[in-house]
Amino acid sequence: MMTAVVRVDRTHPEPAAILRAAACLRRGGLVAFPTETVYGLGAHALDPTAVRRLFDAKGRPSTDPLIVHVAGLDEAAALTTGMPAVAALLARQFWPGPLTLVMRRAAVVPAEVTAGLDTVAIRVPAHPVAQALLAAARLPVAAPSANLFSRPSPTRAEHVLDDLRGRIDLVLDAGPTPVGVESTVLDLTVDPPVVLRFGAIDLESLRRVVPRVQATPPAAAGGAMPSPGLLPQHYSPRTPLTLCRGDAASFAEVVSRTMAEGRRVGVLATSEDAAALGHTPTAVADLGSGHDARGVAARLYAALRELDAAQLDVILVRDFPRDDGLWRALRDRLRRAAARTM
Ligand code: TXA
Ligand code: MG
């Protein structure tokens with residue numbers, strides 16, 4: 001299969017490009033497109049064959065359900081039964097935007113989309129290209145992140161092509177995605193609602209609208225997996241990544257010691273931590289200031305991919321010292337990327 005790459009303006013996408021992508025989706029094709037969080041790999045959500053093709057292209061286990069992207073709250077309601085009142089409240093505050101709501105599935109949603117669950121995850125993306133595509137296709141679009149299974153999510157069209165070239169029909173390339181981490185997934189089928197995946201909308205913001213929102217239950221200890229995205233190892237670079245606790249000085253020591261062992265060391269670090277290193281590692285990916293969670297989020301996945309391509313023996317990263325706002329999601333992604341913690 002030839003993958004077409006179509007560049008589009010990120011704020012005013014060219015209608016011809018959008019129509020081409022929309023037609024491809026309507027025919028059952030696979031289209032990667034930018035959302036405000038990461039690139040998604042879209043398929044016609046009501047076409048089981050298209051959805052099966054999507055799982056194949058990603059190498060994703062069919063037990064891992066997809067997020068359905070829609071144009072607005074009415075379109076979301078059509079895919080659910082008994083939408084709770086709290087959904088409208090949250091939608092008014094956070095849609096379009098990076099909040100995914102898990103609700104009861106209506107019969108029109110194929111079981112392929114939801115991995116056989118009786119619930120469906122839905123969001124309304126804010127990226128102008130995603131919005132234009134949904135408006136032109138007039139379809140619900142099932143879209144996981146457009147990476148091969150277990151690779152970091154793609155924040156640039158090049159990442160999509162690195163993973164999926166030849167496996168999908170088309171990529172709409174609108175440059176880097178602005179947020180860089182995935183949407184927050186909130187389960188509304190239980191009361192109080194529970195965060196299944198930390199993401200771009202932080203817990204504090206959710207609680208300002210719905211104070212009783214609960215944080216994720218601790219990763220299933222042998223029990224049933226509440227959300228397959230909670231797999232402890234998920235965003236894994238191929239190079240083993242070690243997550244280091246402790247302060248910047250002890251991190252610099254770990255880096256020096258590992259280099260002294262003659263290993264090719266890559267460091268993923270905030271600018272401040274990078275400046276505090278005693279020795280220069282083989283490769284450093286700078287995440288920007290540790291005071292700027294948004295900047296770190298925007299760079300994180302590209303930095304992981306860059307280091308993963310640098311033929312290193314090990315990637316070292318210091319755990320972020322904060323747990324508020326977006327940091328919670330960022331630390332969650334580091335933990336999932338880590339092969340070990342020290
Ligand atoms: O920002 C995002 O959410 C991106 C963009 C493309 O929208 N999408 C994304 O999709 O990250 P994916 O497939 O990589 O992650 C979907 C997450 C997974 O953790 C999955 O388990 C969870 O949503 N999920 C989907 N349907 C669910 C359901 N019915 N119940 C519980 N969790 C669900
Ligand atoms: Mg994903």
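Whatever order the structure lists ligands and atoms in, that order sets their numbers, starting from 1. Numbering of residues begins at 1 and proceeds along the displayed sequence.
- Comparing Ile122, Val38, Ile67 against atom 16 (C) of ligand 1, the shortest heavy-atom distance belongs to Ile67.
- Listed by atom number, the atoms of ligand 1 under 4.0 Å from Pro144 heavy atoms are 10 (O), 12 (P), 13 (O).
- More than 12 heavy atoms of other residues, nucleotides or ligands shown are found within 6.0 angstrom of CZ on Arg207.
- Close approach to Leu117 involves these atoms of ligand 1, each under 4.0 Å from a residue heavy atom: 28 (C), 29 (N), 30 (N).
- Salt bridge status for Arg331 with Asp323: present, with a side-chain N to carboxylate O gap under 4.0 Å.
- Within the listing of ligand 1, atoms 12 (P), 13 (O), 14 (O) sit less than 4.0 angstrom from a heavy atom of Arg60.
- The Ser145 neighbourhood of ligand 1 comprises atoms 8 (N), 9 (C), 10 (O), 12 (P), 14 (O), with distances under 4.0 Å to a heavy atom of that residue.
- With ligand atoms numbered from 1 in the order given, ligand 1 contributes 6 (C) to contacts under 4.0 Å with heavy atoms of Gly40.
- By the 3.5 Å distance cut-off applied to N or O atoms, Glu182 is not counted among the residues near ligand 1.
- A salt bridge is defined here as a Lys NZ or Arg NE, NH1 or NH2 lying under 4.0 Å from an Asp or Glu carboxylate O, and Asp332 with Arg336 meets this definition.
- Between Thr35 and ligand 1, a contact under 3.5 Å exists for no N or O pair.
- Taking every heavy atom of Asp64 and a limit of under 4.0 angstrom, the matching atoms of ligand 1 come to 20 (C), 21 (O).
- If you look at Thr119 next to ligand 1, the close heavy atoms, those under 4.0 Å, come from the backbone and the side chain alike.
- For Arg167, the CZ atom sits in a packed shell: over 12 heavy atoms of surrounding residues, nucleotides or ligands are nearer than 6.0 Å.
- One of the N, O or S atoms belonging to Ser145 lies under 2.8 Å away from the Mg ion (ligand 2).
- With a 4.0 Å heavy-atom cut-off, ligand 1 is reached by no atom of Thr114.
- Looking only at atom types and distance, the side chain of Thr35 has a donor-acceptor partner in the side chain of Arg123 under 3.5 Å away.
- A salt bridge links Asp324 with Arg322; the closest basic N to acidic carboxylate O contact falls under 4.0 Å.
- At under 3.5 Å, not a single nitrogen or oxygen of Thr100, backbone or side chain, sits near a nitrogen or oxygen of ligand 1.
- In this model, a donor atom of one side chain and an acceptor atom of the other lie less than 3.5 Å apart for Ser289 and Glu272.
- If you chain together hydrophobic residues whose side chains sit under 4.5 Å apart, Ile122 and Leu139 never meet in one group.
- Using a 4.0 Å cut-off between charged side-chain N and carboxylate O, Asp313 and Arg264 make no salt bridge.
- Only the side chain of Arg123 comes within 4.0 Å of ligand 1, counting heavy atoms alone; its backbone N, CA, C and O stay farther away.
- By the 4.5 Å heavy-atom criterion applied to side chains, Lys58 and Asn147 are counted as neighbours.
- Sparse packing is recorded around CZ of Arg165, with 12 or fewer heavy atoms of other residues, nucleotides or ligands lying under 6.0 Å away.
- Close contacts between ligand 1 and Leu196 involve ligand atoms 31 (C), 32 (N) [criterion: under 4.0 Å to a heavy atom].
- Ligand 1 has no nitrogen or oxygen under 3.5 angstrom from a nitrogen or oxygen of Lys58.
- For ligand 1 and His69, the ligand atoms under 4.0 Å from any heavy atom of the residue are 5 (C), 6 (C), 7 (O).
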